[in-house]
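Some notes on the structure that comes next.
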Amino acid sequence: MQRYKSYLNSLLLGLLLIAGSAILKAETRIDHHYLYVELNPETHTLTGRDKLEITTTDRFWEFALSANLEVINLQIKGKTREYEIIPVDQKIGSLMNTVRIARKLLEKPDQVIDISYKGTFFEPTGDVEFSREKIAMEITATISEEGAFLSPSGGFYPMADEKLSLYDTVIKLPIEWDVVSEGTLLDSRRIIGQTEVTYRTDHALDGIHITAAKWVVSSKTVDGVTFFTYFFEEDSSLAGEYLDMSIEYVKMYSEMLSPYPFSKFAVVENFFPTGYGMPSYTVLGRSVVRLPFIVYTSLGHEVLHNWWGNSVFVGDGGNWCEGLTTYLADYLYKLQSSESSARQYRKDILKDLTVYVNDGNEFPASEFTSRTDDASRAIGYGKVAMIFHMLENQLGSETFQAGLKIILDNFQYKYATWDDFFTAFELAGDTSLADFKTQWIHGTSAPILSIETQGDALFLNQSDPVRAMNVEINTLDVAGNHTSSTLFIDSEQTVIPISNWGEISEVRVDENYNVLRKLHDSEMDPTIRETLSEENLVFIVPELTPEWKEIARSFNGYLSENSVADIRLQAPSDIPGTLVFLGTHPKSLDAMKLNGTFNVYGDELDASANCLVWAFKQSNGKPGLVIYSTDSRELIPVARKLPHYGKYGYLVFNHGQNTMKGFHQTQESPLVWRK
């Protein structure tokens, strides 16, 4: 009777599928991978075998595998099975082949499929760039003599319609190499001239990576969590600080949120530029690991991803995790430093939104998936961080934290959506946030605020789009007393209530940048990132010699997308693009006395031993940049570092090391009224 019922169900399923996918969507799901991978760096080859615990709702099993891989053998219950390869050219835009195995009559939909395969992965890494401002040519899968990096998007193991799977992974590679993957490190041994490492995930994950190279490995175990560093020998002296700071971050977030969700945390140095966070480890490129501020900023961000994004996974309807992680890491560290640092961080977010986001590239937070350019970063990281900031201000910190813990209690090792977060915050605060979600998650743009005087009354105006929000109002009376209040606005014009009008001498609106809004030009102090956002750079050099042309080309490679540098001896009168002065300066900066020395807000420095980077506004309003030293050798090491310092207005480097950084002063804000 059971067999007949199974046959009937299969028959009905087939008929339903024939009738149309609108009735029932077919699905193949892999619940558990027992994965064996062997890497050969000399030949760039991968030999793999995966025993898949797989199930289907269709008449066949179907999964994706990289087009670089050739299936060697495929078996079910020890017997070789026929399969069909649907080539990559039949799936436009895909780098994956599809492997399809037809189910036999009465064959159960859940089986163990044993597949062996082999192929080559080699992507050149020389042109890879990774920084806050720039990502170029991301690597999905490569095996070289420098190292190996394999991601799920590279298709190095079978993937079907499943969202989460368990993984038991055994990796073999040359004896002097080591390897890191998701999960608990169960075993690492040297066998017959090879290294063999075994990992097991304790919870289902949305994919695994493999990162391998010749490293010096260090470790510490604290409170049941093992902390690792996998650093190249020349950087192994950094291991102690990275281990200690990793331990501190895990302790801090475990107390703030919930117990750390994995058995290990590893910092892995990569052989090309990266800044990735995976469940239980992070992969940072050589150039990133060596930056002195990384342990105090980006490292904590990657640790926190083990809660947000790597154990509470991002569901449909928008990527919330980058903005939330930015808010609870990068922004929090500024807040812990000082309120003025946090204020500047909020202002920087608004500057990014004002500079990079426009009608042509804007989209709502609900459509953000990952950063691909400056605009997507400004929205997915910055705008979303500000949304969480406004939520915390509206709900109160205690309620906000309670909402986060509701998410962790209910969605760890599961997918969570924006709707889930708002449900949690509404439950924690016993309030409705429907309007807030509609305007900030599903809406686009941000208003411009302005003050208007009408007789003895002050009005706060906001341009389209009109948003409902709480705005900070600070007043100063003639006796020097300060008063702070919050004004709720939800229309184009709102009266600013002032009871003692005759005694008020000054009113300031949102002077601490606590709401999402576009900034006025006078609030936009010049920054390096404005130059980085421009497409057409014109380099002005003191001499058109081969040396200066080569320096200009070097800066062009790091600052511009254009392959050919526009190099000139003098600034053109029509100024067709953004000007970058190398070893010289515009007349507008003569007051800085750029000759044997230069003056940076009162500090006089030797121009032969230092390099000054100074952002300014040209007469036509476009951004400009001065990179100055009387010794051209001081300029050369600065080029590759500038993308990491985009938020600043000025920098000073001494022999390639940053010694000074800061922001330019701004003009008076139009959100200040004085009697």
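Note that the numbering runs from 1 along the sequence shown for the chain.
Judged by distance alone, with hydrogens and angles left aside, the side-chain atoms of Ser298 form no donor-acceptor pair with the main-chain N or O of Ile294 at under 3.5 Å. Here the side chain of Arg49 pairs no donor or acceptor atom with the backbone of Asp114 at under 3.5 angstrom. Formation of a donor-acceptor pair under 3.5 Å by the Thr325 side chain with backbone atoms of Glu322 is not found in this model. For the pair Tyr117 (side chain) and Pro158 (backbone), a donor-acceptor distance under 3.5 Å is absent. Between the side chain of Thr57 and the main chain of Glu27, a donor-acceptor pair closer than 3.5 Å is present. Judged by distance alone, the side chain of Ser311 and the main-chain N or O of Asn306 form a donor-acceptor pair under 3.5 Å. Without hydrogens or angle criteria, Thr120 side chain to Thr45 main chain gives no donor-acceptor distance under 3.5 Å. Panel note: side chain Glu145, backbone Pro41; no donor-acceptor pair is recorded below 3.5 Å. Using modelled atom types, one side-chain atom of Asn361 and one backbone atom of Tyr356 make a donor-acceptor pair closer than 3.5 Å.
When every heavy atom of Glu241 is checked against every heavy atom of Val295, the shortest pair comes out as OE2-CG2, 3.7 Å. For the residue pair Tyr249 and Val303, the shortest heavy atom distance occurs at CB-CG1, 3.9 Å. The minimum heavy-atom distance linking Val312 with Gln412 is given by the pair CG2-CA, 3.9 Å. Nearest heavy atom pair, residue Phe156 against residue Ile208, reads CE2-O, 3.7 Å. A pairwise comparison of heavy atoms in Glu182 and Leu205 identifies CB-CD1, 3.7 Å as the closest pair. In terms of heavy-atom proximity, Ala102 sits nearest to Phe60 at CA-CB, 3.8 Å.
The shortest side-chain heavy-atom distance between Phe421 and Leu324 falls under the 4.5 Å cut-off. Residues Gln111 and Arg103 form no side-chain contact, since every pair of their non-hydrogen atoms from C-beta on lies 4.5 Å or further apart. At least one side-chain heavy atom of Val180 sits less than 4.5 Å from a side-chain heavy atom of Trp215. In this structure the side chain of Val179 never reaches within 4.5 angstrom of the side chain of Thr195, judged on heavy atoms. Contact check for Thr326 versus Val384: no side-chain heavy atoms found under the 4.5 Å cut-off.
Residues that satisfy the side-chain contact (heavy atoms from CB on, under 4.5 Å) test with Glu233, not counting sequence neighbours, are Val216. The side-chain hydrogen bond (donor to acceptor under 3.5 Å, both in side chains) test applied to Thr417 returns Asp420, not counting sequence neighbours. Residues forming a salt bridge (Lys or Arg N to Asp or Glu O under 4.0 Å) with Lys214 (at least two apart in sequence, or on another chain): Glu176. Not counting sequence neighbours, the partners of Arg100 by the salt bridge (Lys or Arg N to Asp or Glu O under 4.0 Å) test are Glu62. In this structure, Lys51 has no salt bridge (Lys or Arg N to Asp or Glu O under 4.0 Å) partners at least two apart in sequence or on a different chain.
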- Message: side chain to side chain contact (heavy atoms under 4.5 Å, CB included), that's the test. Do Asp50 and Ile30 meet it? Break it down for me.
- Response: CA-CA 11 Å; Asp50 197 357; Ile30 301 172; 5.9 Å; no

- Message: Quick one, Ile175 with Gln194, criterion side chain to side chain contact (heavy atoms under 4.5 Å, CB included). Give me CA distance, side-chain angles, the key distance, then yes/no.
- Response: CA-CA 4 Å; Ile175 193 166; Gln194 285 186 306; 5.6 Å; no

- Apply the test side chain to side chain contact (heavy atoms under 4.5 Å, CB included) to residues Leu284 and Tyr242: give CA-CA distance (whole Å), side-chain angles for both, the deciding distance (0.1 Å), then the verdict. CA-CA 12 Å; Leu284 305 176; Tyr242 271 89; 4.3 Å; yes

- Between Trp308 and Leu404, is a side chain to side chain contact (heavy atoms under 4.5 Å, CB included) present by the stated rule, with each step listed? CA-CA 10 Å; Trp308 306 122; Leu404 295 179; 4.1 Å; yes

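Surrounding NZ of Lys118 are at most 12 heavy atoms belonging to other residues, nucleotides or ligands under 6.0 Å away. Heavy-atom neighbours of Asp223 CG from other residues, nucleotides or ligands within 6.0 Å: at or below the threshold of 12. In this structure, Arg190 places its CZ atom where more than 12 heavy-atom neighbours from other residues, nucleotides or ligands lie under 6.0 Å away. The local environment of CG in Asp316 is sparse, with at most 12 non-hydrogen atoms from other residues, nucleotides or ligands closer than 6.0 Å.
Here Thr369 contributes atom OG1 and Phe363 contributes atom CZ; the two are 7.0 Å apart, rounded to the nearest 0.5 Å. Rounding to the nearest 0.5 angstrom, the gap separating the CD1 atom in Ile191 from the CZ atom in Arg189 is 4.5 Å. Note: Lys108 NZ to Ile76 CD1 = 13.5 Å, rounded to the nearest 0.5 Å. To the nearest 0.5 angstrom, Phe227 atom CZ is 11.0 Å from Ser219 atom OG. One distance of note links CG of Leu46 with CG of Leu173; it measures 11.0 Å at 0.5 Å rounding. Note that CD of Glu302 is 9.5 Å distant from CG of Leu304, once rounded to the nearest 0.5 Å.
Between Tyr333 and Phe293, the ring centre distance reaches or exceeds 6.0 Å.
Using modelled atom types and a 3.5 Å distance limit, the side chains of Thr142 and Ser144 yield no donor-acceptor pair. Glu196 and Tyr36 share no donor-acceptor pair across their side chains, judged by distance under 3.5 Å alone. A donor atom on one side chain and an acceptor atom on the other are not found under 3.5 Å apart for Thr140 and Ser151.
The aromatic rings of His305 and His301 lie perpendicular to each other, with more than 60° between the two planes, well past the 30° mark. The aromatic rings of Phe149 and His209 are tilted relative to each other, their planes meeting at an angle between 30° and 60°.
Using a 4.0 Å cut-off between charged nitrogen and carboxylate oxygen, Arg377 and Asp352 count as a salt-bridge pair. Note on Arg200 versus Asp168: salt bridge recorded, some NZ/NE/NH1/NH2 to OD/OE distance being below 4.0 Å. Salt bridge Glu107/Arg81: present, at least one basic N to carboxylate O contact under 4.0 Å. Look at Lys220 and Asp244 and you find a salt bridge, because one of the NZ, NE, NH1 or NH2 atoms lies within 4.0 Å of a carboxylate O, short of that distance.
Among Tyr199, Tyr157, Phe63, the single residue meeting the ring-ring contact (aromatic ring centres under 6.0 Å, His included) criterion with His33 is Tyr157.
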Show me the donor-acceptor pairs, under 3.5 Å and distance only, between side chains in residues 254-273 and residues at least two apart or in other chains.
from, atom 1, to, atom 2, distance (Å)
Ser254, OG, Val250, O, 2.6
Ser254, OG, Tyr260, N, 3.4
Ser258, OG, Trp307, NE1, 3.1
Tyr260, OH, Lys264, O, 2.8
Ser263, OG, Thr184, OG1, 2.7
Lys264, NZ, Ser181, O, 2.8
Lys264, NZ, Gly183, O, 2.6
Lys264, NZ, Ser280, OG, 2.8
Glu269, OE1, Phe232, N, 2.8
Asn270, ND2, Thr274, OG1, 3.3

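Geometric assessment of Lys163 against the ring of Phe313 yields a negative cation-pi assignment under the 6.0 Å and 45° thresholds.
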